[in-house]
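Notes follow the structure.
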Amino acid sequence: MTSLRRWHRLINKIPNQAYLWVAILIFGASGAVTRKLTEIGSQNLINGRNPISLCNVLFVGNICALMVLFIIYRRQWNKTIIKQISVQNWLVLSVVSILSGALTPGLIFQALALTNVNNVILVGRLEPPLALALSIWLLRERVNIWEIIGAIVAFVGVTLTVLLQPPGHAMMNMPGFHLGTGEILTAVGAVAAAVATVLGKKYVSHIPLGIFTIYRTALGSVVFFFLALRLYGQHHFAEVFSPFLWRWMLLYSVVIVVLGQSLWFKGLRATTVSVASLVGSFTPIAGIVSAYFILDEAPTLPQYIGGSLIIVGILISQLGVMRQTRLLTVADQVESTQIQQVEAEMGFKGI
């Protein structure tokens with residue numbers, strides 16, 4: 001019991017932003033990992049079909065994640081806690097679950113089948129600035145000038161990474177950046193993810209993490225399954241019960257889905273959307289590095305230039321966050337001193 005308490009104290013000392021950073025490293029690698037898994041599946045065909053298709057990765061990966069999440073958070077699913085969640089909260093949670101658990105991953109996975117990993121990563125960076133803008137508009141979050149400048153610099157870095165690619169540049173035997181179907185699908189997915197982030201922060205951030213993640217994963221999986229059946233037909237999930245697929249998906253779901261999402265939502269609930277947007281700007285760097293080590297996609301000069309600007313933007317925004325934190329600390333100290341002075345003048349001490 002003593003060692004368990006020590007472990008909890010140690011976890012509580014971890015900065016909230018650290019959860020976001022680790023989650024982004026996992027998310028950054030997810031595209032390359034997914035592409036690598038589909039390549040492994042293409043080398044182990046079953047009845048002439050790839051058992052690790054993109055749809056199977058999403059659907060079976062979510063089922064495996066659900067099993068793990070239920071083991072971790074099953075105690076939160078009790079009548080007392082569930083009754084405290086209003087009908088409106090369930091409706092908003094349903095919208096968030098469909099946007100972030102079905103629409104966004106479905107669009108991103110389809111985009112991975114149409115364009116290369118780095119293009120998906122780069123276009124997906126539309127999410128952080130959009131989430132930041134929505135948080136200022138809807139959540140009335142106060143953002144200092146340094147955070148805004150940092151976000152702009154990071155976005156410029158992403159833009160340069162795209163625009164500076166030479167004509168005819170090829171990766172994975174694919175053409176260089178172009179605004180094709182894959183890029184459009186990625187952009188729509190980024191918009192859906194940004195809206196889900198802000199809605200979740202505004203309306204359902206008080207819902208226990210276990211209920212949030214399990215409901216989101218379950219509803220997202222169901223909606224995605226029926227959408228895929230409608231779009232692709234029943235044969236699309238023909239190999240869904242393949243033991244070969246499930247072995248890989250158990251590993252994928254624990255690391256990418258459960259660990260990544262749990263860390264992200266834990267960090268997001270204790271920080272502002274602006275900070276989450278800042279950390280999210282690092283995703284292209286993590287993605288490009290992962291693509292290099294996992295898929296042998298070597299970074300190009302435009303990616304080095306853009307990546308450097310993204311890092312500069314992150315550092316600028318971090319300075320703004322640190323400055324705002326110091327100001328809040330000073331304000332709290334001044335307020336505490338004023339309260340003590342009033343108490344002294346009135347001849348008593350508050351309890």
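Below, all heavy atoms of this structure are taken into account, side chains as well, without hydrogens, waters or symmetry copies.
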- prompt: Is it the case that more than 12 heavy atoms not belonging to Phe244 sit under 6.0 Å from its CZ atom?
  reply: yes
Just so I know, are the side chains of Leu66 and Asn62 near enough to count as touching, which here means a heavy-atom distance under 4.5 Å?
no
Open item on the list: A side-chain contact here means heavy atoms from C-beta on lying under 4.5 Å apart; do Ile72 and Val258 qualify?
Closed with: yes
**Prompt:** Honestly curious: do Ile52 and Phe241 fall in one hydrophobic cluster under the side-chain, below-4.5 Å linking rule?
**Reply:** yes
*Check: Pro51 main-chain N/O paired with Asn56 side-chain donor or acceptor under 3.5 Å*: yes
Rounding to 0.5 Å, atoms CZ (Phe70) and OG1 (Thr217) come to a distance of 13.5 Å
CD1 (Ile81) and CD (Gln84) are apart, to the nearest 0.5 Å, by 7.0 Å
Does Ile46 share a hydrophobic cluster with Ile40, counting links as ILVMFWY side-chain heavy atoms below 4.5 Å and allowing steps through other members?
no
Rounding to 0.5 Å, atoms NZ (Lys36) and CH2 (Trp248) come to a distance of 9.5 Å
Taking every heavy atom of Ser262 against every heavy atom of Leu69, the minimum-distance pair comes out as OG-CD2, 4.1 Å
Residue pair Ile294 / Arg35, side-chain heavy-atom distance below 4.5 Å
no
- Query: So, do Trp246 and Cys64 sit near enough that their side-chain heavy atoms are less than 4.5 Å apart?
  - Reply: yes
Q. Is there side-chain contact between Leu263 and Lys266, with heavy atoms separated by less than 4.5 Å?
A. no
Discussion item. Would you say Ile207 ends up clustered with Val87 if hydrophobic residues are merged whenever their side chains have heavy atoms under 4.5 Å apart, either directly or through other cluster members?
Written reply: no
Note to self: When you measure from the side chain of Trp264 to the backbone of Leu259, do you find a donor-acceptor pair of N or O atoms at a distance under 3.5 Å?
What the structure shows: no
- Item | Neighbour count >12 (heavy atoms, 6.0 Å) for atom OH, Tyr73 | yes
So side-chain hydrogen bond (donor to acceptor under 3.5 Å, both in side chains) across residues 40-50, not counting sequence neighbours, yields Arg49-Glu239
For Ala193 and Thr104, the nearest pair of non-hydrogen atoms, with its separation, is N-OG1, 3.4 Å
Discussion item. Between Val204 and Leu91, is there shared hydrophobic-cluster membership here, with clusters defined by ILVMFWY side-chain heavy atoms closer than 4.5 Å?
Written reply: no
Has Ser253 got a side-chain atom pairing as donor or acceptor with Leu250's backbone, closer than 3.5 angstrom? yes
Which pairs would a plain distance check flag for residues 94-101, meaning a side-chain donor or acceptor within less than 3.5 Å of a matching protein atom at least two apart in sequence or in another chain?
| unit_1 | atom_1 | unit_2 | atom_2 | d |
| --- | --- | --- | --- | --- |
| Ser94 | OG | Trp90 | O | 2.8 |
| Ser94 | OG | Tyr215 | OH | 2.7 |
| Ser97 | OG | Leu93 | O | 2.7 |
| Ser100 | OG | Val96 | O | 2.7 |
| Ser100 | OG | Arg216 | NE | 2.9 |

Would you say the side-chain atoms of Ser205 pair up with the backbone N or O of Lys202, donor to acceptor, closer than 3.5 Å? no
Check: Within a strict 4.5 Å, meaning less than it, do heavy atoms of the Val222 and Phe226 side chains meet?
Finding: yes
d(Ile63 CD1, Leu58 CG) to nearest 0.5 Å is 10.0 Å
Closest non-hydrogen atoms of Leu103 and Ala192, given as atom of the first, atom of the second and distance, are CD2-CB, 3.9 Å
Item to check | Student check: side-chain heavy atoms of Tyr252 and Thr34 closer than 4.5 Å | outcome: yes
Is the shortest side-chain heavy-atom distance between Ile71 and Met67 below 4.5 Å? no
- Message: With a 4.5 Å cut-off on side-chain heavy-atom distances among I, L, V, M, F, W and Y, is there a chain of contacts connecting Phe109 to Val255?
- Response: yes
Residues at least two apart in sequence or cross-chain that pass salt bridge (Lys or Arg N to Asp or Glu O under 4.0 Å) with Arg74, listed by chain then number, are none
